[in-house]
Amino acid sequence: METFPKIISVDDHTVEPPNVWRDRLPSKYHDIGPRVVRAPLKEMTFMGGKFAPVMGQPGDDGPIGDWWIYEDLHRPLTRLDTAVGYSRDEIKLEVITYEQMRPGSFSVPERLVDMDVNHVQSALCFPTFPRFCGQTFTEAKDRELGLLGVRAYNDWMVEEWCGPEAHGRLIPLTLVPLWDAELAAAEVRRNAARGVRAVCFSEIPPHLGLPSIHTDEWDPFLRACDETGTVIAMHIGSSSKMPSTSADAPPAVGSTITFANCCFSMVDWLMSGKFERFPNLKIMYAEGQIGWIPYILERANVVWEENRAWGGVADKVFRPPSELFAEHVYGCFFDDAFGLKNLDAIGVANVLYETDYPHSDSTWPKSKEVGEAQMGHLAPDVVDRIVRGNAISLLGLTEDGLWAGA
């Protein structure tokens, strides 16, 4: 491949600096809002898809790490949060401090440098401490503080992470208060007014104790996204329940089947009737890869054609699911040679590229080389659409692939 297009990554991650909430919450919340402390690790497991860390007390034995504290939550920073620059054998489940991170994880200037190294022009970044769709605030007891926490994160995301220092190369992705669809709609509209075109959401809301998309509960939120052109971005793990097989299954089992929640979620959406009711709605699946999509579309079409009379969808899904997919759904990948070999069965217009910086799965600093190896059989115009063109169109970027703000 003579030239590989500059990448627009639709799934990278930011590790929030320690002062994000302290700088933006009213002073009365400084001691109870999200804050960072340095403390030893007592124990930490990650089995059966469940991450369970326990913070020690000052003076206890154990490795020292930086921990986010918020109500009853004690969440450490781990090497899995920021693994780029380490060999695969060095990436272990361990606590770390900010000083032990690659600075590009949390600092805009260093992030831009690492993007240059990786042939990346622009990037959309999911959160770390709030988790992939703001579950941290959804699970909190104090709803008033939770709403302030969501808004504070969004203000930081728009004004600082994607602020002037980023030169349009960082694309804002915001949160909503998932416990109230009307408040969520208001937050979508507040951020859309300043140029935001993407919002986090859960792949399977019932796993969070929230209504499913088969109800009407989410309609205010969906209507706001439909009317503002805001893309609903769902990351693997955004239901706080990673796929696994048993309580004693090692993390490698879940890591192999991370796409499963995306698969289940996409069928939910295709059979929900929401795309019929909200014709401008767009959804995307971050880090879900794409190789599984052709069979699911084939099976969904058969079910819709043969079983819709008793399947509960005849009165709300009026077209084959594959047609709805083509108009409304985007799959995102960073390493999926099989999916690219079956691109015709997915649709060139429905595929986006990502690098997953700075996570352990990231292809940094060789995302260009991976792309060249896996897309070498594709025509240059197809490669351009996958690597940047589709993202420009979906996220409302400039022709140069930058975020222009409000």
Side-chain angles (χ1 to χ4, degrees), residues 14-37 53 55 66-77 125-163 172-194 196 198-213 215-225 227-228 230 232-235 237-241:
T14 178
V15 177
E16 301 80 18
N19 63 334
V20 167
W21 286 274
R22 189 172 182 84
D23 286 354
R24 289 165 183 81
L25 292 175
S27 57
K28 67 177 182 178
Y29 291 122
H30 282 181
D31 293 332
I32 58 175
R35 58 208 183 275
V36 173
V37 302
M55 188 177 80
D66 284 334
W67 296 69
W68 281 101
I69 308 297
Y70 176 45
E71 291 193 345
D72 297 330
L73 177 67
H74 299 80
R75 200 278 191 194
L77 299 176
C125 297
F126 283 83
T128 297
F129 167 71
R131 309 216 298 280
F132 294 145
C133 68
Q135 302 102 298
T136 296
F137 297 109
T138 300
E139 295 167 359
K141 300 181 183 70
D142 188 332
R143 293 298 197 207
E144 179 182 0
L145 177 55
L147 180 59
L148 291 173
V150 167
R151 290 174 174 167
Y153 176 85
N154 292 341
D155 290 345
W156 170 80
M157 167 62 61
V158 175
E159 297 166 7
E160 290 199 33
W161 185 252
C162 301
L173 173 64
T174 52
L175 304 175
V176 292
L178 292 169
W179 59 89
D180 188 313
E182 293 286 356
L183 288 176
E187 190 62 13
V188 167
R189 296 184 191 280
R190 181 176 84 95
N191 292 305
R194 48 184 176 174
V196 177
V199 63
C200 298
F201 191 64
S202 174
E203 58 203 352
I204 308 177
H207 285 342
L208 303 179
L210 299 169
S212 81
I213 62 163
T215 71
D216 295 333
E217 296 292 326
W218 295 108
D219 283 6
F221 166 70
L222 300 182
R223 186 173 298 109
C225 293
E227 293 175 355
T228 62
T230 300
I232 296 176
M234 292 171 282
H235 196 285
S238 57
S239 58
S240 293
K241 186 177 180 180

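Small disclaimer: the values here were computed from a predicted structure and weren't measured.
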Check side-chain hydrogen bond (donor to acceptor under 3.5 Å, both in side chains) between E227 and all other residues, then give those that pass, not counting sequence neighbours.
R189
Check side-chain hydrogen bond (donor to acceptor under 3.5 Å, both in side chains) between E16 and all other residues, then give those that pass, not counting sequence neighbours.
none
Could you tell me which non-hydrogen atom of [X] sits nearest to which non-hydrogen atom of [Y], and how far apart they are?
X: H207; Y: S239; answer: CB-O, 3.4 Å
X: H74; Y: M55; answer: CD2-CE, 3.3 Å
X: L175; Y: P130; answer: CD1-CB, 3.7 Å
X: P205; Y: W218; answer: CB-CZ2, 4.1 Å
X: S238; Y: L208; answer: O-CD1, 3.9 Å
X: G149; Y: L25; answer: N-CD2, 4.1 Å

Is there side-chain contact between [X] and [Y], with at least one heavy-atom pair below 4.5 Å?
X: F126; Y: L173; value: yes
X: L178; Y: V150; value: no
X: E160; Y: V20; value: no
X: P177; Y: F137; value: no
X: S202; Y: L210; value: no

Backbone N or O of G237 within a donor-acceptor pair of the E203 side chain at under 3.5 Å?
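Indeed, once roles are kept as given, a pair shorter than 3.5 Å links the two residues.
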Test your reading of the model: is there a side-chain donor-acceptor pair from R35 to the backbone of D31, 3.5 Å cut-off?
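Judged by distance alone, yes, a pair lies under 3.5 Å.
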Give me each pair satisfying salt bridge (charged side-chain N to carboxylate O under 4.0 Å, His left out) with a member in residues 139-156, each pair once, sequence neighbours excluded.
D72-K141, R131-E139, R151-E187, D155-R190, D155-R194
Verdict with reasoning, L147 to L183, per side-chain contact (heavy atoms from CB on, under 4.5 Å)
CA-CA 9 Å; L147 180 59; L183 288 176; 4.3 Å; yes
If the plane angle is over 60° it's perpendicular, under 30° parallel, otherwise tilted; pick one for F129 and W21.
perpendicular
Determine, step by step, whether L222 and I232 satisfy the side-chain contact (heavy atoms from CB on, under 4.5 Å) criterion, reporting the C-alpha distance in whole Å, the side-chain angles of both residues, the deciding distance to 0.1 Å, and the verdict.
CA-CA 9 Å; L222 300 182; I232 296 176; 3.7 Å; yes
Between CG of L77 and CH2 of W68, what distance do you get to the nearest 0.5 Å?
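With rounding to 0.5 Å, CG (L77) is 8.0 Å from CH2 (W68).
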Rounded to the nearest 0.5 angstrom, the CE-SG distance for M234 and C133 is 10.0 Å
After noting the C-alpha distance and the side-chain angles of T14 and W156, does the key distance pass the side-chain contact (heavy atoms from CB on, under 4.5 Å) rule?
CA-CA 12 Å; T14 178; W156 170 80; 3.4 Å; yes
side-chain contact (heavy atoms from CB on, under 4.5 Å), that's the test. Do L145 and Y70 meet it? Break it down for me.
CA-CA 10 Å; L145 177 55; Y70 176 45; 3.8 Å; yes
Quick one: are the ring centres of F201 and F221 less than 6.0 Å apart?
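Ring centres of F221 and F201 closer than 6.0 Å.
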